[in-house]
Each structure stands twice: as structure tokens, then as C-alpha cells.
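Each ligand, and each atom within it, is numbered from 1 in the order the structure gives. No hydrogens, no waters, no symmetry mates; every other heavy atom, side chains included, goes into these values. Here the structure is a predicted model, which means the values were calculated and not measured.
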Amino acid sequence: MSRILTVAAAQLGPIQRDESRASAVRRMIALMRQAKGHGCDLVVFPEAALTAFFPHWWMEDEAEIDAYFESAMPSNETAPLFAEAQRLEIGFHLGYPELAIEGGRKRRFNTAILVDKSGTIVGKYRKIHLPGHAEHRPDAAYQNLEKRYFETGDLGWPVFEAMGARLGMMICNDRRWPESYRVMGLQGVEMIVLGYNTPKHNPWAPDHDRLGEFHNHLVMQAGAYQNASWVIGAAKAGVEAGVDQLGGSCIIAPSGELVAQAVTEGDELVFARCDLDLGKSYSRSVFNFAMHREPQCYGMIVERKGAVIA
Ligand code: ING
């Protein structure tokens, strides 16, 4: 008997700087209803899905920065999303900037949660790979100040038993790093869900721009195949606060094959029936980790941060 999880990547078009969280939530509820109409069990929303992606511009005032963070989840503005999910009996993934008071001080993370069909938060992840820079680069077309506004995630990459599946999360830049997938692969993950905000232009490597869509799918397809896992990627796409962002939301099978992908840069639902046992033919053969991995040879991967030219 196949274990089918019907999943949607709910791509969002731009959320402009003057657009309210309530408006973004209304758009997400519309996509959630579409997903339910197509029999989905789970809908994946993008990274930082409630507002414009504020790491793209320089801010100094702490109150102005903190206004982009959620200090409660559900919050007043996101409560309708939780309520609708409960009413529809559909699970969801949501990316949002998290402001937590821990150890007596403010902590700021780029966070994602998994919420099951009962509206219960069953998993949380805090982004580990923060791209870009911490300093202001006024000459650049846009900023990427995640290293300024967020701390490195401190929860690792856990895998959660939820909705009859072994589910894991990563966020945006994490998808470019094989370590992110492998840590979850070593926990038997069956489906990895992620959101992303990815500019089409990289001011620091403009020669990569023509390959942005290729690299986007390349890393998720490789990660899926090499870890025998489904990968679901949901973009925040289109021109947002002056930054043109990739779409390409997609559903990738453990074979590495693209099962479905977005064809617009707006709000668009991409969905598929995902057989959670499809990964087994890979994890029991070519990627039977217990049989084939040689961790005694991998020490450098953990011990060394940057490349060293001996
Ligand atoms: N954004 C981008 C990402 O990794 C980036 C950063 C842009 C990397 C362009 C490479 C090229 O998709 C986030 N939010 O991580």
C-alpha cells in the first residue's frame, strides 16, 4: 500500500514594502484553499512569506528592523492562516523572521515551521546558511544583509515524524549546500520542504545570472537524488521592492526528476501526489548509507571551514 502525501508548493509573487501581513495572509489562504481543492495534505509557503524580503535593504533603526519580525507564532496576523488550515484540515510550512527572547536577550532568526492538519506546530527550523554580507554595500544594486539581521540557526536540521512522513526543512541558501540535505538524509528524511527568495541578479557574481534558474533546480535535484528524498521548493518571485526574484517553484522526486514546476512569477500553486516510498529503491541500493559511506574519510568536511591550499 503506497504512502501518498499530496503536496503543493505555493509560490507567492512579490509582497511590496507597503503590503500588509493581512494582505499576504489573504493571498496564502487563497492558495491554501486551492491546494485543498486539489486534495493536498500539505502546502509549502516561501521563506519570509509575510512581508517583503527586508534583508535586501539597509536599516539601522532597531524598531524599524524588528517590525519585520514575528515575536509570536501564531501572531494576530497569522492566526487566520492557522484557523483556515484547521478548518480545511491541511498542513502547511511557513517561513518567517522570528524574534525570540531567549537567555534574557533578543534573538533574531530566519525561521520556518511545519504545522499539521490540526493546526499544531510540529516542527521548527532556523536558517543556518546565511548568504550575503553584514556590512552596507551602497554601490550594489541591492543588499543581502541576512548576516546582519539574523543569527545562525541553532536547531540543526531535525527530521520530524508528522503527517505520516519523515519531514525536514531548510531555507533558501541552505539548498545550495550538500551538508544541509545529508544531515537529514542521515535521519531517514523522506521529504524536505523549503522556501526561497532568490534574486535573478547577483551583484557579486553577475556572470552567474544567466544560470540562476539552472542552479536553482540543479541543487535541489542533486540533493533529492543523493539523499533519496522528495524536495519541495516554494519561491517568493517577481519584482519585489525593486529586486527581481526567481520563480521556479517545484516538486522534485527522490529520483531527482522534476515532477512539477511553476510557469509564472506570481501566486501559483504547483502540486503533485508524492509516494513517500519512492526513495526506498535509492536508499536501499546506490545510496545505502550504512553500506557505502566512509565517514572515516570525511573528517575534513567537519574540521575545515574554508579551503586550504597546502
Ligand atoms: N537568497 C539567495 C539564495 O541562496 C543568493 C542568495 C542569490 C545566492 C543569488 C546565490 C545567487 O538563493 C537567500 N535568501 O538565501
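Residues Thr78 and Ser75 have side chains that bring a donor and an acceptor to within less than 3.5 angstrom of each other.
Listed by chain and residue number, nothing satisfies the salt bridge (Lys or Arg N to Asp or Glu O under 4.0 Å) test with Arg182 (two or more places apart in sequence, or in another chain).
Aromatic ring pairs are classed by plane angle as parallel below 30°, tilted from 30° to 60° and perpendicular above 60°; the pair Tyr225 and Phe287 is perpendicular. Between Trp177 and His129, the ring planes lie parallel to each other; the angle is under 30°, not in the 30° to 60° tilted range.
Residues Phe150 and Phe69 place their aromatic rings such that the two centres sit under 6.0 Å apart.
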Pair Glu161, Arg166 - check salt bridge (Lys or Arg N to Asp or Glu O under 4.0 Å), show working. CA-CA 5 Å; Glu161 195 69 56; Arg166 293 190 62 70; 2.8 Å; yes
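At a heavy-atom cutoff of 4.0 Å, ligand 1 is surrounded by Glu47, Phe53, Lys127, Pro131, Asn144, Glu146, Cys172, Asn173, Arg175, Arg176, Asn197, Thr198, Pro199, Asn202.
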